[in-house]
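Convention: sequence-line order gives letters A, B, ...; per-chain numbering from 1.
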Amino acid sequence: MKKKKPKIAVWKFASCDGCQLSLLDCEDELLTVADEIEIANFPEASRRVLKGPYDLSLVEGSITTPHDEERIHQVRRSSKYLITIGACATAGGIQALRNFKDVNEFISIVYANPTYIDTLETSTPISSHVPVDFELRGCPINKMQLVEVISAFLKDRKPVTPPHSTCIECKLKGNVCVMVAQGTMCLGPVTHAGCDAICPSYNRGCYGCFGPKETPNTASLGDWLGEQGTGDPEILRVFRGFNAYAPSFRKESERHEEKKPDH
Amino acid sequence: MKKKNRTIKVDYLARVEGEGALHIEIKENQVSDVKLKIFEPPRFFEAFLRGRDFKEAPDITARICGICPVAYQMSAVHAMEKALGIQVQGPLRDLRRLLYCGEWIESHTLHIYMLHAPDFLGYEDAVQMAKDHKDVVERGLQLKKVGNEIVSLVGGREIHPVNVKVGGFYKVLAKTEFDHLKERLKWARDAALETVKWSSRFDFPAFDQDYEYVSLSHPDEYPFNEGRIISNKGLDIEAQEFENNFREDHVEYTNALHSVLIDRGSYFVGPMARFNLNFDQLSPLAKESAKESGIGDHCHNPFQSIVVRSIEVLYACDEALRIIESYEKPDQPSVDFEIQEGVGAACTEAPRGLLYHRYKIDEEGQILDARIIPPTSQNQKTIENDLWQFVPKHLDLPQEKLTWQCEQAIRNYDPCISCATHFLKLDIVRS
Ligand code: SF4
Ligand code: SF4
């Protein structure tokens, strides 16, 4: 008897579409993967919508509207496994910068008629709303890691995505450390591996797009950067980027906010 | 035919980037309402760019869109460089063009093969299409891959490249590092030629319209990063005059602002505009292939935009090869400059069309104010106008077919809803 193919769905919330594009960017693997699975819902790529339940849901984007707050529960109910992909879905994304400010002020800066806009005061990760089975990091995610995670879930095994820091990847690559050699500010020591240390390989510091690694010592790095002469506003800004609302990055950015002189 | 009231609704537009819907109402066989709705949630980039450092603009604005991050980075760095009073020239300028070639190849090919061609061949997506046309879909995927390889090599990664910097790049490569790409690009150029031939044989609904096309124009080259903003109806301005000539309207049913030409209304940006206004600057091979395809030197039917995009892919392959062949590694990866206060505006040609950025920075390089107008907001009104024109001519089609064709009329523009909100939802109502 022919085995039924597992049904996969891709869902989008507030995001840039970059993480789901990673799937279409698997040019060499796409048709092979598509033979093994049923793409049941993937609006960016197809008009076809198959009814749930789905074996695996990939969720991109953060929750920023009342409507999406409801929608994520429906997605969860119709999915056996739910995996979040990218910094938006796992930490609120760059749009979580509103969480530190008054969103009404933001609306008035961008829109002439703020009353037309229905948005929440915060941008929050998917896990703040529903249980999540696995979080894949990155802004954007690494497409080979995505293929690994999909295959792992379909085979009921644990995905292999190392939890160590970008620094380790950078060392493994044999790069010269940009922080030691050039005094460039770098979040490598506290950032989750997965990108293969792209930035140091291109002569620049890591700006933390993969979010915090497991148990990051952000305070120690923050202090050290300060001792090297980096100003508080700069330290605040680097932690307050694409993963600004991930707890350890958030805490560290706030610490440098407090130290700012009042004016 | 009986006079009927109908509604055409598409609650979630597929094969576009971001979330949008279409709503069309037909009363007594007359279109009474067209709404292209964008329900992608707003993300407030212009608001939180305030207070950031000027150096962060290329990394932050890249995140407006995963499909065309290079476009955001290019408009951002050029606008910042205007504010700082610097100009990037020589091989660094060429490398920026090369990076843009990569994004055009990758983004256009994604649209041509995976998002648009399935409409013409009657498939719901490229994966279904691959069941009958495996070779074609594989050719598309490999061509797209070459575009991504350029962006990865020059930019560090295909989505949200890390190597772009105000003043140039963080790191520049040696000439030999491009050797491998050269061979790949020669293959890509042949594949692009095939793509033009293949797409020009599709069955296009007759739909020539009289548009105002707007694009950059440069005396020496097909426009990517620089040039004046011109139109076929007399516009000819510098980027800093953009806001005096264009206005953004905030409409109730959509989270995206509609951009219009003051006193003139809707206009058209993107591949067809560039092609019609800059045909003479294409490479000889691209020109020749345009002629052979039957398009010639102009195209006024948005359903044929797929052919124009294919011609632009061919051009981008040619141009990338030209750049690689003449490239010499510059001494420095970026130019030196002093931070100063200023205001800078720039437009570049994103795959979907003109992308405007303006920044005001203070003497420490802190961003005081930012303004970004993406191509999809500029095309929204034109897309709606197309539907006003298209639907009445096709009322005899069954509902499902008409709905699909309306979706296709929208996809002609390769709209990117994520961009337009910095937001698209389409429902057609026939009552
Ligand atoms: S995590 Fe980054 S790449 Fe992914 S959707 Fe969000 S902004 Fe885009
Ligand atoms: S910012 Fe850090 S995590 Fe992101 S690509 Fe650069 S090195 Fe990798």
Step by step, work out the side-chain contact (heavy atoms from CB on, under 4.5 Å) result for A/E44 and B/I67.
-> CA-CA 11 Å; A/E44 178 170 315; B/I67 323 288; 3.9 Å; yes
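Both tests pass for B/R63 against the ring of A/F242: distance under 6.0 Å to the centre and angle within 45° of the axis.
Only the side chain of A/D68 comes within contact range of chain B, judged by heavy atoms closer than 4.5 Å. Looking at A/C139, both its backbone and its side chain come within 4.5 Å of chain B, counting heavy atoms on both sides. Heavy atoms of A/F100 lying under 4.5 Å from chain B are absent altogether. If you measure heavy-atom distances from B/D53 to chain A, the contacts under 4.5 Å come from both the backbone and the side chain.
Annotation: maximal heavy-atom pairing with chain A below 4.5 Å, among B/H160, B/K145, B/K165, occurs at B/K145. Of the residues considered (B/K134, B/E158, B/M114, B/R52), B/R52 shows the highest number of contacts with chain A, using heavy-atom pairs under 4.5 Å. Looking only at heavy-atom pairs under 4.5 Å with chain B, the residue among A/C26, A/A34, A/A45, A/C88 that has the most is A/A45.
A salt bridge is absent between B/K131 and A/D35; no separation between the charged side-chain nitrogens and carboxylate oxygens falls under 4.0 Å.
Under the 4.5 Å side-chain criterion, counting only non-hydrogen atoms from C-beta, A/I94 is in contact with B/F45. By the 4.5 Å heavy-atom criterion applied to side chains, B/R43 and A/S123 are not counted as neighbours. Annotation: side chain of A/K101 is not in contact with side chain of B/R50 (no heavy-atom distance under 4.5 Å).
Smallest separation of non-hydrogen atoms from B/G66 and A/L21: O-CD2, 3.3 Å.
Atom CD1 of B/I64 and atom CD of A/Q95 lie 11.0 Å apart (nearest 0.5 Å).
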